[in-house]
A.B. asks: 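Here it is, the structure in full.
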Amino acid sequence: MSNVLFEDGGKFHAGRIMSEAEASLQVELDSGKRQKIKAAQALVRFDKPAPAELMDWAQAQQEGIDLDLLWEFAPEDEFHFDQVAADYYGGTPGAGQRAAILLRLFGAPHYFQRRGRGGQFRKAPTQQVQAALAAIARKEEQLRQIDAFAAELAAGRCPQPIAEKLYQILFKPDKNSPEFKAVALAVKQTGHGALTLLRDAGAIASPWAFHMQRFLLERFPKGTAFPALPMPSFNEALPLAAAAAFSIDDSATTEIDDAFSLQWLDDGRVRLGIHIAAPALALTRDSDWEQFARNRLSTVYMPGDKFTMLPDALVQTFTLQAGCECPALSLYCTVGSDLQASEFETRVEQVRMASNLRHDQLDALVTEEALTADPATQSYPHAKELAWLWTFAQQLKRGREQVRGKPERAGGVDYTFRIDGLERGAEAATVRIEPRRRGAPLDTIVSELMILANATWGGWLAELGMPGIYRSQSGFGANLRTRMGLKPAPHQGLGVAQYAWCTSPLRRYVDLLNQGQLIACARFGKTALLQAPFKPRDPLLYAIVESFEDTYKAYATHQSALERYWTLRYLAQQGLDTFEASVLREGAVRVDGLPLVFTAVGAQDLPRNTRVQVQITGTDLITLDVFGRVLSQLDAPQLVAATDTEASAEVSEEDDEEGDEAVALAAPISVAVDTDEPDAESAAPAAQQAS
């Protein structure tokens, strides 16, 4: 016999025998490759036909061999494939017939089990065969269903099973599910993105609901409701602060964390109090609500709605509500005529809340001109206190800018979204967008006093060796990094030696944790470390830092997505499509007077800060894409005098950072189905896949 069929690595080959020893053969394949095999691997020896012809004939022939018939008459004990070939074909089967039977037995492991490599088999038990056949039938049915679902999607109809699992398919898919495979197959067949395909098929009826549901699936898979836990009781008698306090917030704020008080001393100095709501007095470490806050980590903000970190009943126990005496962690300092602060002291106490001032009601009244005029001539409350705080805040800002080595960039704009009628459904709601220039006097007062408190308390924690969570910043340009960590480090952007979030404990878990540490410091002084909720090198601290950064970023991204959605709704409601804008980078432009950045055709070759007129030609409320073009160039970027080059570079660096962040937020939504996936299965190879 000059030819042989042999098995190697689970595959069958046929070739010409070049030489043969007692225990091995040298074989040449049709490709010209020569291979040494063991004699036991040689399963069929033959002279005719040629090796390639035998393999082709056997492959074609074995498809028609009835597996049920083979299984019925196969011996109960272990057998050689030649036995079955003789029974099936009768007489003495030829080499091709023997090869066909061998391939058929080998390719049906649900019917026949291999026993070694010498062509021995044993038929599978009846129960195993029945289970395998049932699995094959299910697989074939599933593949037919996948093809049918994909065809419906391509035709613009969404099958109910896909609609029910829409958000899972797009963002947290089981990639082995038939629904996911059907969408992936339809994406491949049509060439459309998954979001476009599903929107056109009617699966995404409400863009607003789509954005909400994808966020909830990712971050709140069990829902946003609060558990039915008893509210913590707090009945501790605390000393009452000497002076009444007032807060400054927006009218929509319900979690009032911070307030201020002033005492005018006889020697002309002023005793300033910064008062922070103190939920950490009741939310002790590992208590039920402390653990809940640790899991949620922050309040989630978005236009028209929010998911608070703590339930309203608990918030109302500690929020600094006007007319109440509220538990507070207070930072006091004495400020002289030179506006330098000294004699810092921290107390746990109750503070009498005189009033809650509101930005939206007072911004137009509390101007720089009003604050420098005689307070007695002003109609707004706490005019004397606000005038002094404005002067002190400016001094604090100048001190930070001196440490920074450059002034903070002025002139930015924040936007407040007012959503009317959301209770009737997002599609029926209307949106108002109210610009608010950064650096307004009330903003400056609040921000500077919060920076003072966070920097001072961060330094105090470090001084006493108490663990705390800090926020630091270092680097320049593209290498600028803001980090959360457990060690105090400078915050370059703020110009402070250390910075620990401590002033929003009703809204951020990091602040709540740091407040618990500070309360221990206030009560136990130098021995506070023995009483602290968190000790040095507590592994939970490291886990909290990592989890908080990820979660806080996800919450901010969701807020930005919803703000972009409502901005696009605003454009449609107002019928706006043409705007003036400034060029950022990579063809992106920032629209004047709106929180909107998008890529405009024609802007990609223009220098940064070029002023242009742009037209929006289309929007997509699901992908949040904006399509537009440059209509005309209004002017060239402003040129800077040589003597101002260094200062300009510093300001430009901050512009770049903010612009780059805006461009990143304008990036399209990424869904799991549009990633590079293996080709979706079709129904044809069902039996092979099942086996």
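All heavy atoms count here, side chains included; hydrogens, waters and symmetry mates do not. Residues: numbered from 1 along the sequence shown.
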A.B. asks: Tell me, please, which residues at least two apart from H359 pass ring-ring contact (aromatic ring centres under 6.0 Å, His included).
C.D. replies: none
A.B. asks: So, the side chain of N514 versus the backbone of W501: is there a donor-acceptor pair under 3.5 Å, distance only?
C.D. replies: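 A pair under 3.5 Å: yes.
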A.B. asks: Does the R400 side chain pair with the main chain of L494, one donor and one acceptor, at a distance under 3.5 Å?
C.D. replies: yes
A.B. asks: What are the two closest heavy atoms between H211 and Y565, and how far apart are they?
C.D. replies: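 Closest pair (atom of H211, atom of Y565, distance): CD2-CD1, 4.2 Å.
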A.B. asks: Any chance you could measure L272, atom CG, to L331, atom CG, to the nearest 0.5 Å?
C.D. replies: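 Result: 7.5 Å between the selected atoms.
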A.B. asks: Please evaluate residues F210 and L195 with respect to the criterion side-chain contact (heavy atoms from CB on, under 4.5 Å), reporting the C-alpha separation (whole Å), side-chain torsions for both, the decisive distance (0.1 Å), and the verdict.
C.D. replies: CA-CA 10 Å; F210 166 79; L195 288 178; 3.4 Å; yes
A.B. asks: Decide yes or no for P595 and F417: does some side-chain heavy atom of the first lie under 4.5 Å from some side-chain heavy atom of the second?
C.D. replies: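 Yes, their side chains come closer than 4.5 Å.
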A.B. asks: Show me, pair by pair, the donor-acceptor contacts under 3.5 angstrom made by side chains of residues 461-471, not counting sequence neighbours?
C.D. replies:
{"unit_1": "Y470", "atom_1": "OH", "unit_2": "G458", "atom_2": "O", "d": "3.0"}
{"unit_1": "Y470", "atom_1": "OH", "unit_2": "A462", "atom_2": "N", "d": "3.4"}

A.B. asks: Just verifying a value: how many Å separate F180 CZ and I162 CD1, rounded to the nearest 0.5 Å?
C.D. replies: 11.5 Å
A.B. asks: Looking at T253, D257, T308, which one forms a side-chain hydrogen bond (donor to acceptor under 3.5 Å, both in side chains) with R507?
C.D. replies: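 Going through the options one by one, the only one that passes is D257.
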A.B. asks: Going by heavy atoms in the side chains, are M309 and L506 under 4.5 Å from each other?
C.D. replies: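 No, every pair of side-chain atoms sits at 4.5 Å or beyond.
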A.B. asks: Taking the side chain as everything from C-beta on, heavy atoms only, tell me whether V300 gets closer than 4.5 Å to F215.
C.D. replies: yes
A.B. asks: Quick test of your reading of the model: are E549 and K553 salt-bridged, counting only N-O distances below 4.0 Å?
C.D. replies: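 Between K553 and E549 there is no salt bridge, as every charged N stays at least 4.0 Å from the carboxylate O atoms.
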A.B. asks: Can you check side-chain contact (heavy atoms from CB on, under 4.5 Å) on V351 and S261, steps first, answer last?
C.D. replies: CA-CA 9 Å; V351 61; S261 67; 5.7 Å; no
A.B. asks: Under a plain distance cut-off of 3.5 Å, with no hydrogens placed, do E427 and S206 share a side-chain donor-acceptor pair?
C.D. replies: yes
A.B. asks: Are V591 and T567 side-chain neighbours, meaning at least one heavy-atom pair lies under 4.5 Å?
C.D. replies: no
A.B. asks: Has the side chain of Q321 got a donor or acceptor atom that lies under 3.5 Å from a matching backbone atom of I256?
C.D. replies: no
A.B. asks: Looking only at the aromatic ring of each residue, does the gap between the centers of F246 and H275 stay below 6.0 angstrom?
C.D. replies: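 They do not qualify: ring centres at least 6.0 Å apart.
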A.B. asks: Do M302 and M212 touch side chain to side chain, with heavy atoms closer than 4.5 Å?
C.D. replies: yes
A.B. asks: Check whether any side-chain heavy atom of P303 lies under 4.5 Å from a side-chain heavy atom of V431, and answer yes or no.
C.D. replies: no
A.B. asks: For the pair R199 and D620, find out whether any cationic side-chain nitrogen is under 4.0 Å from an anionic carboxylate oxygen.
C.D. replies: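 Yes, R199 and D620 are salt-bridged.
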A.B. asks: Working to the nearest 0.5 angstrom, can you tell me the gap between I248 CD1 and D363 CG?
C.D. replies: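 Between atom CD1 of I248 and atom CG of D363 there are 10.0 Å.
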A.B. asks: Among D360, D250, D443, which residue satisfies the side-chain hydrogen bond (donor to acceptor under 3.5 Å, both in side chains) criterion with R436?
C.D. replies: D443
A.B. asks: Tell me the closest heavy-atom pair linking L283 and P232, and the distance in Å.
C.D. replies: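 Heavy-atom minimum between the residues: CD2-CG, 3.9 Å.
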A.B. asks: Report the distance from atom CZ of R358 to atom CG of L442, rounding to the nearest 0.5 Å.
C.D. replies: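 If I round to the nearest 0.5 Å, the distance is 12.5 Å.
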A.B. asks: If you apply the rule side-chain contact (heavy atoms from CB on, under 4.5 Å), what do you find for L170 with R214, and how did you get there?
C.D. replies: CA-CA 8 Å; L170 290 174; R214 74 186 185 95; over 6 Å; no
A.B. asks: Just by distance, with hydrogens left out, do D258 and T503 show a side-chain donor and acceptor under 3.5 Å apart?
C.D. replies: no
A.B. asks: Please check if the side chain of E290 supplies one atom and the backbone of D286 the other of a donor-acceptor pair under 3.5 Å.
C.D. replies: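 Confirmed, E290 side chain pairs with D286 backbone.
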A.B. asks: Identify, with sequence neighbours excluded, every residue that meets side chain to side chain donor-acceptor pair (under 3.5 Å) alongside D305.
C.D. replies: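 With sequence neighbours excluded, D305 shows a side chain to side chain donor-acceptor pair (under 3.5 Å) to no residue whatsoever.
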A.B. asks: For residues 536-546, tabulate all N or O donor-acceptor pairs below 3.5 Å that involve a side-chain atom, not counting sequence neighbours.
C.D. replies:
{"unit_1": "D538", "atom_1": "OD1", "unit_2": "L540", "atom_2": "N", "d": "2.9"}
{"unit_1": "D538", "atom_1": "OD2", "unit_2": "R285", "atom_2": "NH1", "d": "2.6"}
{"unit_1": "D538", "atom_1": "OD2", "unit_2": "R285", "atom_2": "NH2", "d": "3.2"}

A.B. asks: Please check if the side chain of Q498 supplies one atom and the backbone of P490 the other of a donor-acceptor pair under 3.5 Å.
C.D. replies: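 Side chain of Q498 to backbone of P490: no pair is present.
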A.B. asks: Below 4.5 Å, heavy atoms only, C-beta onward: do L329 and W457 meet side chain to side chain?
C.D. replies: yes
A.B. asks: Just verifying a value: how many Å separate E408 CD and K397 NZ, rounded to the nearest 0.5 Å?
C.D. replies: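 Result: 5.5 Å between the selected atoms.
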A.B. asks: Evaluate L596 against I616 for side-chain contact (heavy atoms from CB on, under 4.5 Å), listing each step before the verdict.
C.D. replies: CA-CA 11 Å; L596 182 61; I616 293 177; 3.9 Å; yes
A.B. asks: Taking the ring of Y552 and the ring of F548, is the distance between their centroids below 6.0 Å?
C.D. replies: yes
A.B. asks: Side chains of F220 and R296, heavy atoms from C-beta outward: is any pair under 4.5 Å?
C.D. replies: yes
A.B. asks: I'd like to know if the side chain of T456 reaches the main chain of A453, judged simply by a donor and an acceptor atom lying under 3.5 Å from each other, with no hydrogens or angles considered.
C.D. replies: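 Flag not set: sc T456 to bb A453 has no pair under 3.5 Å.
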A.B. asks: Taking all non-hydrogen atoms of both residues into account, name the closest pair between Q361 and S251 and its distance.
C.D. replies: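 Minimum heavy-atom contact is NE2-OG, 3.4 Å.
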A.B. asks: Would you find a donor on one side and an acceptor on the other, under 3.5 Å apart, between the side chain of Q515 and the backbone of A280?
C.D. replies: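 Side chain of Q515 to backbone of A280, a donor-acceptor pair under 3.5 Å: yes, one is there.
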A.B. asks: Distance from M484 atom CE to T482 atom OG1, nearest 0.5 Å?
C.D. replies: 10.5 Å
A.B. asks: With sequence neighbours left out, what residues match T299 under side chain to side chain donor-acceptor pair (under 3.5 Å)?
C.D. replies: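 Partners of T299 under the side chain to side chain donor-acceptor pair (under 3.5 Å) test: E255.
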A.B. asks: Which heavy atom in R483 sits nearest to a heavy atom in S474, and how many Å separate them?
C.D. replies: NH1-OG, 3.8 Å
A.B. asks: At their closest point, which heavy atom of A532 faces which heavy atom of Q517, and how far apart are they?
C.D. replies: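 Closest approach of A532 to Q517, heavy atoms only: CB-OE1, 3.9 Å.
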A.B. asks: For a quick test of reading the model, state the closest non-hydrogen atom pair linking L166 to I204 and the distance between them.
C.D. replies: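 Residues L166 and I204, closest heavy atoms: CD2-CG1, 3.8 Å.
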A.B. asks: Kindly say whether L513 contributes a backbone atom to a donor-acceptor pair with the side chain of R294 at under 3.5 angstrom?
C.D. replies: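 Pair absent, no side-chain N/O of R294 close to backbone of L513.
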A.B. asks: Name all residues meeting the side chain to side chain contact (heavy atoms under 4.5 Å, CB included) criterion together with P227; count only those two or more places apart in sequence or in a different chain, and write none if there are none.
C.D. replies: L229, W289, F292
A.B. asks: Given 3.5 Å as the limit, does a donor-acceptor pair link the side chain of T551 with the main chain of S547, or not?
C.D. replies: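 Side chain of T551 to backbone of S547: a pair is present.
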